[in-house]
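The residues of the chain are indexed from 1 along the displayed sequence.
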Amino acid sequence: QVGITQLAIPMIFQGLVYDVETAISDTVASTDFRIVPFLEAIYEIDQQGYLRLTYDYSFNEFRVRYEKQFD
C-alpha cells in the first residue's frame, strides 16, 4: 500500500504541474513554459529564432538567451 502511494503522488503532482505550466504558457503567449526544475519561458521571435528567459532557483540566477536555428 505504501508503494502505491509513493507512485501515485509524483504522478498526480506531475499532472498538476503540467496543467499549471500549460495555463501560464497560454496566458503569457509563450512557446514553452516551465516552473520545475527552474522557471523558464521561451518565445518564438521568428521561424528560426527564440528568446529564452530562465530563472534558476538553486543558483538564484537569471539568464536571457537568444537562440537561432540554422538550416
*Asks:* Cut-off 3.5 Å, side chains only: do Asn60 and Tyr55 have a donor facing an acceptor?
*Replies:* yes
*Asks:* Evaluate whether atom OH of Tyr57 has more than 12 neighbouring non-hydrogen atoms of other residues, nucleotides or ligands under 6.0 angstrom away.
*Replies:* yes
*Asks:* Mind checking the OH-NZ spacing from Tyr50 to Lys68? Nearest 0.5 Å is all I need.
*Replies:* 10.5 Å
*Asks:* Run the side chain to side chain contact (heavy atoms under 4.5 Å, CB included) check on Tyr66 and Ile45 step by step: do they pass?
*Replies:* CA-CA 9 Å; Tyr66 176 75; Ile45 303 298; 4.0 Å; yes
*Asks:* Are there more than 12 heavy atoms of other residues, nucleotides or ligands under 6.0 Å from atom CZ of Phe59?
*Replies:* no
*Asks:* Hey, what do you get for CG (Asp56) to CZ (Phe38), rounding to the nearest 0.5 Å?
*Replies:* 7.0 Å
*Asks:* More than 12 foreign heavy atoms under 6.0 Å from CD of Glu61: is that the case here?
*Replies:* yes
*Asks:* Just how far is it from atom CG of Leu53 to atom CZ of Arg63, taken to the nearest 0.5 Å?
*Replies:* 11.5 Å
*Asks:* Quick check: does any side chain N or O of Ser25 sit under 3.5 Å from a backbone N or O of Ser30, one acting as donor and the other as acceptor?
*Replies:* yes
*Asks:* Give the cluster check for Ile24 versus Tyr18: same hydrophobic cluster or not, with ILVMFWY residues linked at side-chain heavy-atom distances below 4.5 Å.
*Replies:* no
*Asks:* Kindly compute the distance separating CG (Leu51) from CG (Asp46), expressed to the nearest 0.5 Å.
*Replies:* 11.5 Å
*Asks:* Could you give all pairs that pass the salt bridge (Lys or Arg N to Asp or Glu O under 4.0 Å) test and reach residues 15-27, with sequence neighbours left out?
*Replies:* none
*Asks:* Between Phe33 and Leu39, is any pair of side-chain heavy atoms under 4.5 Å apart?
*Replies:* yes
*Asks:* Is it true that Phe62 and Val28 fall in one hydrophobic cluster, defined by side-chain heavy atoms closer than 4.5 Å?
*Replies:* yes
